[in-house]
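What you see below is based on every heavy atom in this structure, not just the backbone, and it leaves out hydrogens, waters and symmetry mates. Predicted model, so just to flag it, every value in this text is computed and none were measured. Below, read A as the first sequence line, B as the second, and so on, with proteins coming before strands; counting in each chain starts at 1.
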Amino acid sequence: MHAESLLELLKSRFSTAIGDILNQPAERVDPVVRPSAEARFGDYQCNAAMSLARAAGCKPRELAERIVAGVRLEDVAEPPEIAGPGFINVRFRDAYLAARVAGIPAAGSLDRLDIPPRARPQRVIVDYSSPNIAKQMHVGHIRSTIIGDVFARVLAFLGDDVIRQNHVGDWGTQMGMVILGIWHVFRLDAEERVTDAAALVRHFEDAAAAVGANAEPGARRTRLAALAEEMSQALSKERSGRWGAWLGEFEAGRTRIAPTLDVLTSAYRFVNAVEDAPESGGIGVADPLRSRPVPLARLSNHIVAEMLHARHAEELHAWRIAREVSLRETQHMYDRLGVLLRPEDVCGESFYHDRLEGTVAELRSRLTERDASRPASAPYGVVRDDQGAVCVFLYDETHQPLFKNPEGEPLPLLIRKSDGAFLYATTDLAAVRYRIEELGARRLIYVTDARQVQHFRQFFAAARAVGWACHEVSLEHVTFGSVMGEDRRPLKTRSGSTIRLSELLDEAEERVAAVIRERQSALEATAPALPEEELRTLARAIGVAAVKYADLKNDRNSDYVFSWDKMVALQGNTAPYLLYAYARLRSILREAGADAEPDALYASDATPAASAGAAPVRLDHSTERALALRLLRFREALAVVAADLSPHVLCTYVYDLSADLTQFYEACPVLKAPDAATRRSRLRLCDLAARTLRLALELLGIRAIERI
RNA sequence: GCGCCUGUAGCUCAGCUGGAAAGAGCAGCGGAUUUCUAAUCCGCCGGUCGGGGGUUCGAGUCCCUCCAGGCGCGCCA
């Protein structure tokens, strides 16, 4: 039997009392119960008297007195005190807090800490991470991945039916470039027998430089013309079915050539450089399917078009290879980061490809001018063709455009380009429909950076206008700020390129290892040296935790300054400090041996001593009481995170809990407690604190460490 | 030009949706201590909450306005 949270309990008691006074049903009263700002104002305060005094027709202080007279709290709290203009301060009775803490059962196979699941669970989509898979994951992907994972964990813990969706960019122009890149990889393997991944990367870097902006124009033109000739020949072979054979060989040689994402990325960059070269528009590539040559600058677009129309299986086959290689590497990164995302959560752009045509048709038939001529009671949309593109224009109830361009004209949401291609708005609309109608989602959470806010507002409005998202469906765009370097510019390497996620984690581990070594040498006299192997393991775990925690601890909307020194620091609100607090608890519980086994610790409730009045938990010292109160308030933090989607609230909670713990240790010896009952009580507090800390960290996606 | 985000102690940030005398950490200064893991605890120093106006019994929080920084604004995602 789960008891209601302390906050819920007070809210309900005060609502009843105030409802009686105002002659209103209790459900309609906001009792304005808050945790007290300071300890001298009790544990919680009810601030309703001030705001309701006018309605009650009396002075705030007088209303406060009537509330205090009417509220029933004798069973849980000391008599409430009225202070200032009409604050009602409530302090729980120590015995009540002790009983509540003692009421939390031993950990089951699924440790819920007696926190009840939601009364009304929802099917929730969390759309997060969603990288473009043609490229290595870099720092730009880290926030969505880490923040979104917390939502998936917290909402699932609270009982929601969470469906993770990794909406990867696995379709479109960038994949055309990768396909061309694969073609080059293959060509080098087949014709020049370059099979070493590092050599391939070097080759593509050199080749990209040869056609880059710094190359001599004459040489560049010669080089590009030669490339166009090679590709013309290749396409002619491909169209006669020979490329398929090459791809077969390529696949067979994959273990030999190891087409890592590195290789694909460098090949992609090479293709990009070719298409961007100033001369590429004027140099053509012959494709037997076309009467006229395809400009080199548009070759990947052409390839994508072939892929889209599935006229040739080769492009699709190359696409599959590129996708598979990319996704495998992406999964490695998720595993290393310790996020929940799995291959089965991938549902990317390509998934929606054959729904796009229908999506546009449906929007066109349902958002017609006819609706625009009617009096509107809600925002609505109209699909119109404009400059050859299919556009959704969105208006509010008063027929004013919801979005405007810099010229002040209505800004449409484009769902089909003038060349017939679809856009990401089309995919997003197809996805929102799929998620609501086929996956049955009632809450859709999108975790992306704040720059996309207008796009989300537009396509949310379109989804509402067309009726795919009714008012019972919640569409939430969860934004976050940028990661800044210490120079206040977006985080980059010293040379100005983006930082790969793998490099970031490598460095985090290095920094943590250095901090541990330093600590070791400072303690050399007292602590045995840590074997190198263990140090690496420890550094790996703490390094990832440090990066994730640093990302989560700030309000997600503000840009945050990335600081190695701060995130790996042993003091302050950092992952190392929290992991240490947990390890220290585990150390005490280990020392206690059998006494701290769940059987012994929790069975004591049923012993004759317990029934004779020796309560299993006693809160004699103020730090014990503060710790107990903190433990009982874990649910409040979780509720805020679930409602506001703000992970930093949970971070603040674990930090406060850790701080309570150190103060508790300072004042209250556990193993050397003055008597057996106190020792057992304190061990129980330690066990509950360890379980709370472990669970809270887990919900933040951070694995606790048993010893440091 | 319009829209969104941000502005709180020297630095990095909280501030639970309008409540009491604005809080942490770091840095600085001073103390504690033969440690159940000192990766500790206690104290001190430090604030015109970007400026101004308004609403309110009450504003860091809501409204208006100005200032500073960041981002976005039609066929990229």
Side-chain angles (χ1 to χ4, degrees), chain A residues 7 32 34-38 40-41 45 47 50-51 53-54 59-60 83-87 89 130 132 169 172-174 349 386-391 403-419 421 423-425 427-428 448-455 457 479 481-482 484 488 490 515-516 519 523 526-527 553-555 557-561 563 565-566 569-574 576-577 579-581 583-592 636-637 639-640 644 646 648-649 651-652 655-656 659 662-663 665-673 682 686 707-708:
Chain A
L7 184 60
V32 202
R34 304 279 132 88
S36 294
E38 290 179 54
R40 67 195 164 98
F41 298 139
Q45 55 185 206
N47 301 337
M50 282 88 75
S51 52
R54 202 185 298 266
K59 292 201 156 73
F87 298 104
N89 295 330
S130 308
N132 253 333
T173 310
Q174 88 277 4
E349 291 174 342
D386 196 85
Q387 298 164 44
V390 183
C391 301
F403 307 94
K404 291 179 182 170
N405 68 14
E407 285 71 48
E409 299 154 351
L411 177 74
L413 179 68
L414 268 69
I415 53 175
R416 185 159 212 174
K417 298 202 288 184
S418 50
D419 68 1
L423 294 107
Y424 80 140
T427 312
D428 278 335
T448 84
D449 68 275
R451 287 176 308 199
Q452 298 186 50
V453 67
Q454 179 168 275
H455 164 72
R457 271 219 267 276
T479 58
S482 316
M484 302 297 211
R488 300 309 169 111
V515 168
I516 297 174
R519 173 89 206 130
L523 286 180
T526 52
K553 74 182 270 281
N554 293 334
D555 179 274
N557 267 324
S558 47
D559 297 343
Y560 85 91
V561 178
S563 162
D565 290 339
K566 291 205 169 81
L570 306 175
Q571 278 110 8
N573 193 354
T574 68
Y577 175 83
L579 292 172
Y580 178 79
R584 193 173 169 190
L585 273 172
R586 296 301 308 164
S587 170
I588 292 171
L589 292 165
R590 269 197 306 275
E591 291 290 316
E636 290 173 28
V640 172
D644 298 352
S646 47
H648 81 280
V649 171
C651 294
T652 304
Y655 180 66
D656 288 342
T662 53
Q663 288 169 46
Y665 298 140
E666 209 69 29
C668 302
V670 179
L671 298 176
K672 296 171 193 158
R682 290 178 179 170
C686 284
R707 63 180 85 214
I708 292 181

Whole-Å [atom1] distance, [N] and [M]:
N     : M     : atom1 : result
B/C49 : B/C67 : C1'   : 16 Å
B/G50 : B/A68 : P     : 16 Å
B/C45 : B/G30 : P     : 15 Å
B/G60 : B/A21 : P     : 10 Å
B/C64 : B/G3  : P     : 11 Å
B/G47 : B/U65 : C1'   : 25 Å
B/A20 : B/G15 : C1'   : 15 Å
B/A22 : B/U8  : C1'   : 8 Å

Provide, to the nearest angstrom, the distance between the [atom1] atom belonging to [X] and the [atom2] atom belonging to [N].
X        : N     : atom1 : atom2 : answer
A/Arg584 : B/C41 : CZ    : P     : 8 Å
A/Gln571 : B/A27 : CD    : P     : 7 Å
A/Asp644 : B/U61 : CG    : P     : 19 Å
A/Asn554 : B/C26 : CG    : P     : 16 Å

Less than 3.5 Å between a donor and an acceptor, one on the side chain of [X] and one on the base of [N], is that the case here?
X        : N     : value
A/Asp449 : B/A77 : no
A/Asn47  : B/G18 : no
A/Arg40  : B/A21 : yes
A/Gln387 : B/C75 : yes
A/Gln45  : B/A20 : yes

Check your understanding: Would you call B/U55 syn or anti, using the 90° rule around 0?
Key ->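 With its glycosidic angle more than 90° from zero, B/U55 counts as anti.
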Practice item. Determine if A/Tyr655 stacks with B/A24; use a centre-to-centre distance below 5.5 Å and an interplanar angle below 30° as the criteria. Key: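 No, A/Tyr655 does not stack on the base of B/A24.
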Point to revise | Near-parallel close stack of A/Phe41 and B/A20 base (under 5.5 Å, under 30°) | key: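 It does: the two rings, one from A/Phe41 and one from B/A20, meet the stacking criterion.
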Review point. According to a strict under-4.0 Å criterion, is A/His648 in side-chain N/O contact with OP1 or OP2 of B/G15?
Key: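 Checking B/G15 against A/His648, a side-chain N or O does come within under 4.0 Å of OP1 or OP2.
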Practice item. Check whether any side-chain nitrogen or oxygen of A/Lys566 sits under 4.0 Å from OP1 or OP2 of B/C26, and answer yes or no. Key: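 No, A/Lys566 has no side-chain N/O under 4.0 Å of OP1/OP2 on B/C26.
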Point to revise | Considering all heavy atoms, the nearest A/Arg707-A/Ala583 contact | key: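 For A/Arg707 and A/Ala583, the tightest heavy-atom pair comes out as CA-CB, 4.0 Å.
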Practice item. Have a look at A/Asp386 and say if it touches a base, only the backbone sugar-phosphate, or nothing, with a 4.0 Å heavy-atom cut-off. Key: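 Base contact.
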Review point. Should the ring pair A/His455 and A/Tyr424 be called parallel, tilted or perpendicular, given that the plane angle runs from 0 to 90° and is split at 30 and 60?
Key: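 Correct class here is parallel.
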